[in-house]
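Worth saying up front: this structure is predicted, and the values here are computed from it rather than measured. For the numbers below, each heavy atom of this structure counts, side chains included, while hydrogens, waters and symmetry mates do not.
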Amino acid sequence: MRMSKSRSARLEGVLIRFTKYLNGPLGGIVMDNLEEGESFVLQTTDYLLRVSKRNCKAVVEPIETPIVQK
């Protein structure tokens with residue numbers, strides 16, 4: 001059970017960091033090039049994330065977690 005909570009906490013941290021970055025000054029460059037409602041997929045080493053533009057803000061959600069490394 002502890003392993004699951006740890007994964008969940010790591011995912012939450014990743015979602016928070018990408019959301020803050022994409023809604024900040026540097027991420028604004030990326031988000032300015034998306035139309036409202038558009039999205040893209042972002043892959044990290046461990047996670048597959050969907051980034052959508054909603055109400056002129058980045059919304060980051062997991063698609064599947066974690067990606068299994070072979």
Side-chain angles (χ1 to χ4, degrees):
M1 191 72 124
R2 182 152 174 86
M3 190 83 131
S4 177
K5 185 176 181 181
S6 177
R7 279 188 194 151
S8 178
R10 282 194 312 256
L11 172 60
E12 187 67 25
V14 168
L15 295 175
I16 289 169
R17 284 192 305 274
F18 274 107
T19 300
K20 283 183 180 179
Y21 174 79
L22 290 166
N23 286 315
L26 294 174
I29 296 166
V30 174
M31 298 311 292
D32 287 346
N33 287 296
L34 284 182
E35 296 293 325
E36 185 68 27
E38 283 187 320
S39 64
F40 63 91
V41 174
L42 177 67
Q43 182 176 345
T44 71
T45 302
D46 297 320
Y47 303 104
L48 193 58
L49 309 171
R50 177 172 308 282
V51 178
S52 304
K53 186 173 185 178
R54 294 190 203 143
N55 298 318
C56 299
K57 296 280 186 184
V59 177
V60 183
E61 302 168 307
I63 294 176
E64 65 183 63
T65 59
I67 295 173
V68 177
Q69 299 294 319
K70 294 182 182 179

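- For Ser52, there are no side chain to side chain donor-acceptor pair (under 3.5 Å) partners two or more places apart in sequence or in a different chain.
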Atom pairs and distances, side-chain donor-acceptor, residues 25-35, under 3.5 Å, sequence neighbours left out:
from: Asn33; atom 1: ND2; to: Ile29; atom 2: O; distance (Å): 2.8

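- Within the structure, the salt bridge (Lys or Arg N to Asp or Glu O under 4.0 Å) test picks out the following pairs touching residues 49-61 (sequence neighbours left out): Arg54-Glu61.
- Note on residues 12-24: no pairs pass side-chain hydrogen bond (donor to acceptor under 3.5 Å, both in side chains), not counting sequence neighbours.
- Residues Val59 and Leu22 do not share a hydrophobic cluster, defined by chaining ILVMFWY side chains whose heavy atoms lie under 4.5 Å apart.
- Heavy atoms only, all atoms of each residue included: Ala58 and Val51 are closest at CB-CG1, 4.4 Å.
- The same ILVMFWY cluster, assembled from side-chain heavy atoms under 4.5 Å apart, contains both Phe40 and Tyr47.
- Closest heavy-atom contact between Leu11 and Leu49: CD1-CD2, 4.4 Å.
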